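What follows is a single structure, written as C-alpha cells, with notes after it.
As the structure lists them, so they are numbered: ligands from 1, and atoms in each ligand from 1. Since this is a predicted model, take the numbers as computed values, not measurements.
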Amino acid sequence: MSEGRGSVTIRPRRARPFFARHPWVFVTSVERVEGSPGPGDEVDVFSHERQFIGRGLYNPHSAIRVRLYRWDDGPLDEAFWGNLFQRALSLRRDVLRLGGPGTAYRVVSSEGDGISGLTVDRYDRWLVAQFSSLALFEHRAPLGRLLAEQTGVEGILLRIDRSVAEAEGLRGAEDVLVGSAPAEPVVIDEHGLTYQVDLRGGQKTGFYLDQRENRRASARFCEGRRVLDLFCYNGGFALNALRHGGATHVLGIDSSAPAIEAARRNAVQNQLAHARFEVADVMPTLESLRARGERFDVVFCDPPKFARHARGLDDALKGYLRLNRAAVDVLAPNGLFVTCSCSGLIHRSLFADMIGQVAELSGRPIQIVEQRGQAPDHPVSASCLETDYLKCFLCRVG
Ligand code: SAH
C-alpha cells in the first residue's frame, strides 16, 4: 500500500464532522488537494487552520473524495486493516456469539466497523465481499488475504453493487478473490429454517441478513393468522410466520422470478409446502387484492431502497406513503402491519411521520408497538448515524 503523500485541506468551518470521526469527506467540503494522489492512495486530511484531522484513502472519481479510517498519524498498512478485521470478528464471535456450521452473518459492515466501503458476509465456509469504494477495491488482494487468514474460509467471492460502482468509477469483474467458490448453492440455517443461497447470482451478497431478527420477532404475532409477505425475496418472513408463528396461510409476492423459485424451493425443503409464492409487482397486486375484497391479518412490507440520494428524498417519501397506504388497505381490522425501510436517508422520525400520514389518509388509528432496526452484526457507528439504516416498525392498525 502506498505512502501517505497527498494531503487534503477542508474548507473553513466544514471540519467539525471529520474531527468527530465521520468518515465521508465529500468533494463539497474540500478546499484543495496537494500531492496529486491517485485512486486508492493514502492522504492526510487537515482543517483550514492546518490542524491534522485524520488519514484516509483518496478517490478522485467519487463525490466521497476521501474515506477516513484513522484519526492518528499511523499508516494504513496491513497491520492496521488486520486489526480492524480482528475487532469486527471479535464482535461477532465474542459478543454476539454468532458462528458455527451453516450459519450466515455479516462479518464486516462497512462504516459500522470503521471500514467504509467494504461489507463482507459469511455463508458457512465462504465469504462474499462487496466493495462500495474504489479506493478499498484497489487494495482487494491484501485485504482478501487477511480476511481468509483470519476466518479460515474456503474461499472469498467478490460482488460489485452496480449502482455504487458507477458512482465510484469502480470497474471490475465479479470473481473469486481468494480460494475457491462453492460448486452448489450454499445451504444456511437461520432460526432452524434452511435456505439455499446463491452467492453469485442472488441479490446483494445472496441473502438479506440484516432482517434476521425481524423475521423471527414478527412471527410471534402470526398464530392462526392469514399473512401477506410483500417483497418476500426467498421467503424469509413468510417461512418464519409458518414455522415459528403458527400462521395458517402465507402468500409471498416478489417481482423477481429467481427469488420466487428460491422461495418455493425453501418452502419445500422446510416441509412448509403450503406456503404460496407468486411472481408479481406489488402495487398492482395490492390493487387487485383490495378490489377482490381479500384481507390479511398480518402484512409484511419490506421494499427495496427508495432513496439513493438526498435529492430523491421527497419522491422516496411519496413512494413509501403510496405503498404503505395500499398495504394497509388489504389489512383486516386490528391487523398487524410490519413495515420496513432500508433507506439510510429516511430517518426514523421521518418514517414514523410517513406512517402517521397513512393513518390520516386511511382514517384508521395506527399504534407502533415495536420499533426495530437491523440485526446486531450490522452495528450502528455512533460517529456515522447513516449506518442506522434499517427501520422495521411493528404496527397495529385499527
Ligand atoms: N423481505 C426479504 C428481502 C426483501 S428485499 C427478506 O427478508 O429476505 C426487496 C425485494 O423486493 C427484492 O427481492 C426485489 O426482488 C423485490 N422487488 C423490488 N421491486 C418490486 C416490485 N415492484 N414488486 C415486487 N417485488 C419487488
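- A donor atom on one side chain and an acceptor atom on the other are found under 3.5 Å apart for S116 and R67.
- Every residue two or more places apart in sequence or in another chain that forms a side-chain hydrogen bond (donor to acceptor under 3.5 Å, both in side chains) with D72 is listed here: R70.
- Judged as a salt bridge (Lys or Arg N to Asp or Glu O under 4.0 Å), and not counting sequence neighbours, D210 has no contacts.
- When the side-chain hydrogen bond (donor to acceptor under 3.5 Å, both in side chains) test is applied to R92, the partners found at least two apart in sequence or on another chain are D113.
- Annotation: ligand 1 has protein neighbours Q203, Y208, R215, F231, C232, Y233, F237, D254, S255, S256, A280, D281, V282, D302, P304, each with a heavy atom less than 4.0 angstrom from the ligand.
- A donor-acceptor pair under 3.5 Å is absent between the side-chain atoms of Y105 and the main chain of L209, judged by distance alone.
- No hydrogens or angles considered: a donor-acceptor pair under 3.5 Å links the side chains of R396 and Q367.
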